[in-house]
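In what follows, a structure is listed as structure tokens, so that the remarks can point back to it.
Keep in mind the model is a prediction, meaning the values are calculated, not measured. Below, chains carry the letters A, B, ... as their sequence lines are ordered, and counting in each starts from 1.
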There are 2 protein chains.
Amino acid sequence: MKTDTVFKKAFNRTLDLMVRSEMEDPLPSENALRRRLGVSRTTIRKVLGELDQRGVIVAATRSQVQDRQVLPNDYFPDVETMPRNLHIERHFMEWMLRGDTKPGTSINELELARHFGVATSGIREFLIRFSRFGLLEKRPNSGWIFEGFTEEFALDLFEIRVMFELRSARLFAKQSDHSPLWEKLETLKRAHLDLLEEIDYRFHDFSSLDNRFHRLVNEASPNRFIDDFYDIITFIFHYHYQWNKRDEKQRNHAALVEHLGYIDALLSHDLSRVEVAAGAHLSSAKETLLRSLVTIA
Amino acid sequence: MKTDTVFKKAFNRTLDLMVRSEMEDPLPSENALRRRLGVSRTTIRKVLGELDQRGVIVAATRSQVQDRQVLPNDYFPDVETMPRNLHIERHFMEWMLRGDTKPGTSINELELARHFGVATSGIREFLIRFSRFGLLEKRPNSGWIFEGFTEEFALDLFEIRVMFELRSARLFAKQSDHSPLWEKLETLKRAHLDLLEEIDYRFHDFSSLDNRFHRLVNEASPNRFIDDFYDIITFIFHYHYQWNKRDEKQRNHAALVEHLGYIDALLSHDLSRVEVAAGAHLSSAKETLLRSLVTIA
DNA sequence: GCTCTTCCTCTTATCGATAAAAAACAATAC
DNA sequence: GTATTGTTTTTTATCGATAAGAGGAAGAGC
């Protein structure tokens with residue numbers, strides 16, 4: 001009763017590589033494929049079997065069949081490649097951020113399970129995982145209470161974020177001059193400048209850049225709890241702004257400029273400049289979030 | 001297939017209250033009992049039914065039967081009152097901290113389930129919940145990796161703990177003079193002094209005092225993420241020192257004295273004194289933990 | 001008219017079963 | 001022998017079923 005999303009995704013990915021001629025013909029060995037796709041050999045064999053079945057390749061030699069083009073409908077549809085837990089996550093976040101889910105609402109596992117078309121155990125596991133985000137509370141032998149994506153939540157979140165970010169930024173700036181991270185920071189700076197040039201039509205790309213930047217700052221002196229906390233931030237922001245596109249371009253433009261100031265401050269090794277730049281960036285991120293919360297409510 | 005631990009615990013508790021004459025005769029109404037025991041009326045009725053069945057009370061009038069003493073073996077044994085998740089937690093922590101569980105060990109859900117005598121879903125849920133403690137990592141479609149209760153872990157933990165504690169202590173000291181928390185702090189100070197007098201035989205009581213104190217410090221300016229983090233600390237320390245009693249009395253005595261210094265610093269409202277006292281206490285707690293890790297390995 | 005209880009429904013905790021995927025093992029080829 | 005493929009075993013993901021527990025509606029008692 002496990003889903004076969006792993007297989008289907010691997011299958012699609014293989015077709016893709018063939019189409020884009022990034023895959024030799026005949027195909028590499030099972031072990032090589034396994035490493036390339038990051039799945040077990042069991043799955044690779046299933047993929048090869050299916051490709052053979054459909055006449056795309058001859059399994060025995062793993063060579064592509066002439067005149068058998070890969071067609072668009074050879075691919076499995078995207079829904080079928082999405083693992084259950086991701087499916088639940090999406091549904092839940094939509095339910096939470098979109099619906100009229102007020103703080104204090106109680107969450108009914110059974111109802112969600114029916115609603116999302118999955119077994120209750122999937123919902124439970126998701127809720128347990130999600131509870132670390134500070135938005136849910138469990139009453140034993142009874143349900144979960146949704147505490148609301150409120151201003152208070154945002155303030156708690158940002159208080160910690162500022163503490164962690166300042167700490168990491170300081171440690172980053174104090175690194176030895178031959179740390180490889182300086183190099184990485186320069187690369188990231190260039191990526192920022194590139195994006196800034198094309199901000200008009202590439203503004204969506206900012207969020208991945210944002211992520212890379214903040215993770216890089218943490219890399220100088222890793223702490224698992226800080227990393228975990230950054231996972232929360234990433235997750236929350238990802239979904240929140242996915243359903244909240246207001247002013248996205250301006251927001252991202254402003255943040256990009258702030259990042260550049262922050263990056264230059266880091267490059268300068270000047271601690272007080274770093275603190276000012278990081279502080280400024282975070283407080284504007286905070287204002288943005290708070291503003292968007294008000295407009296939702 | 002749910003366990004009936006809720007019922008059994010409520011039953012034992014009721015007997016207890018009766019024995020200690022803390023329960024009127026006849027017993028209060030179902031609703032009153034429900035509030036007192038913190039369970040649903042359904043459970044109360046089951047308890048009353050059982051008491052009647054066994055001839056301890058007459059259900060109809062809820063009055064105790066004369067000459068029917070409550071006997072020791074009227075109680076359900078303790079094992080049967082422990083909910084499954086707690087049972088799993090205990091077993092797991094023992095397995096982890098006692099056994100020769102080296103960093104990098106992979107965790108097999110099925111094996112643990114058989115070992116602990118529970119279904120795999122219980123184990124999964126526990127592992128998911130536990131993973132927030134930063135000691136496990138999940139490989140999708142494969143198992144969990146135990147990352148080890150190592151020195152590195154302890155250092156990560158304490159770095160965050162120091163940040164949070166200093167922040168909370170500063171905010172505590174800055175509170176207005178008529179905050180009710182000052183009163184609470186005074187009470188706690190007295191409890192510390194009392195314990196200090198009797199440290200020779202009551203040294204076990206320190207850990208609950210420790211908890212109360214640090215939670216109180218956080219109370220001045222609550223932040224859900226800090227609270228959550230303190231849950232981690234509590235949990236880890238609880239189990240770690242449960243299986244590591246070396247020098248317990250001295251350790252607790254020293255910590256008690258440090259607490260008193262810390263408390264006085266708070267009472268003085270002097271920020272720099274607070275920082276020094278809090279820092280001193282935390283660094284000695286850290287040294288203690290690190291030392292105990294070395295002696296284990 | 002309120003509280004208490006009886007009866008009933010809905011939800012959670014927990015189990016066991018099973019398909020998919022991983023991993024270990026065995027056989028073969030080069 | 002080393003890499004590759006074929007086969008078998010083990011483990012995870014996921015479902016559905018069910019007893020325990022929570023909680024609501026409505027009658028019964030004062």
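- In this structure, the side chains of A/Pro103 and A/Phe149 stay at 4.5 Å or more apart for every pair of heavy atoms.
- The shortest distance between side-chain heavy atoms of B/Leu157 and B/Phe237 falls below 4.5 Å.
- Taking atom CG of residue B/Leu27 and atom C1' of nucleotide C/dC4, one finds them 15 Å apart after rounding to whole Å.
- Atom C1' of nucleotide D/dA3 and atom CG of A/Leu33 are separated by 14 Å, given to the nearest angstrom.
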Q) What string of B, S and - do you get for nucleotides 14-20 of chain D, 5' to 3', if B is base contact, S is sugar-phosphate-only contact and - is no contact with any protein heavy atom under 4.0 Å? A) BB-BBBB

Heteroatom pairs (N/O) under 3.5 angstrom, protein to nucleotides 4-7 of chain D:
residue : atom : partner : partner atom : Å
D/dT5   : OP1  : A/Arg62 : NH1          : 2.3
D/dT5   : OP1  : A/Arg62 : NH2          : 2.9
D/dT5   : OP2  : A/Glu30 : N            : 3.0
D/dG6   : OP2  : A/Arg45 : NH2          : 2.3
D/dG6   : O5'  : A/Arg45 : NH2          : 3.4
D/dG6   : O6   : A/Arg41 : NH2          : 2.2

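- Geometrically, B/Arg212 does not engage B/Tyr230 in a cation-pi contact defined by less than 6.0 Å to the ring centre and at most 45° from the axis.
- Counted within 6.0 Å of CZ on A/Arg13, heavy atoms from surrounding residues, nucleotides or ligands total 12 or fewer; the atom is thus considered open.
- As rounded to whole Å, 15 Å separates atom C1' of C/dA23 from atom CD of B/Glu111.
- For the residue pair B/Arg34 and B/Asn31, a side-chain donor N or O sits within less than 3.5 Å of a side-chain acceptor on the partner.
- If you check residues 132-146 of chain A against DNA chain C, the residues with a heavy atom closer than 4.0 Å are A/Lys138, A/Asn141, A/Ser142, A/Gly143, listed by number.
- In this structure the side chain of B/Lys46 never reaches within 4.5 angstrom of the side chain of B/Phe11, judged on heavy atoms.
- Ring pair B/Phe76/B/Phe7: centre-to-centre distance below 6.0 Å.
- When heavy atoms are screened at a 4.0 angstrom cut-off, A/Ile107 is found touching the sugar-phosphate backbone but no base atom.
- The pair A/Asp228-B/Arg132 does not count as a salt bridge, with every side-chain nitrogen at least 4.0 angstrom from each carboxylate oxygen.
- A centroid separation of less than 6.0 Å is found between the aromatic rings of A/Tyr239 and A/Phe235.
- Aromatic ring pairs are classed by plane angle as parallel below 30°, tilted from 30° to 60° and perpendicular above 60°; the pair B/Phe130 and B/Phe133 is parallel.
- Of all non-hydrogen atoms in A/Phe225 and B/Ile160, the two that sit nearest each other are CB-CG1, 3.8 Å.
- Distances shown here put every side-chain N or O of B/Ser40 at or beyond 4.0 Å from the OP1 or OP2 atom of D/dG21.
- Spacing between atom CG of A/Leu110 and atom C1' of D/dG23 amounts to 15 Å, rounded to whole angstrom units.
- Rounded to whole Å, atom C1' of D/dG23 lies 9 Å from atom CZ of B/Arg34.
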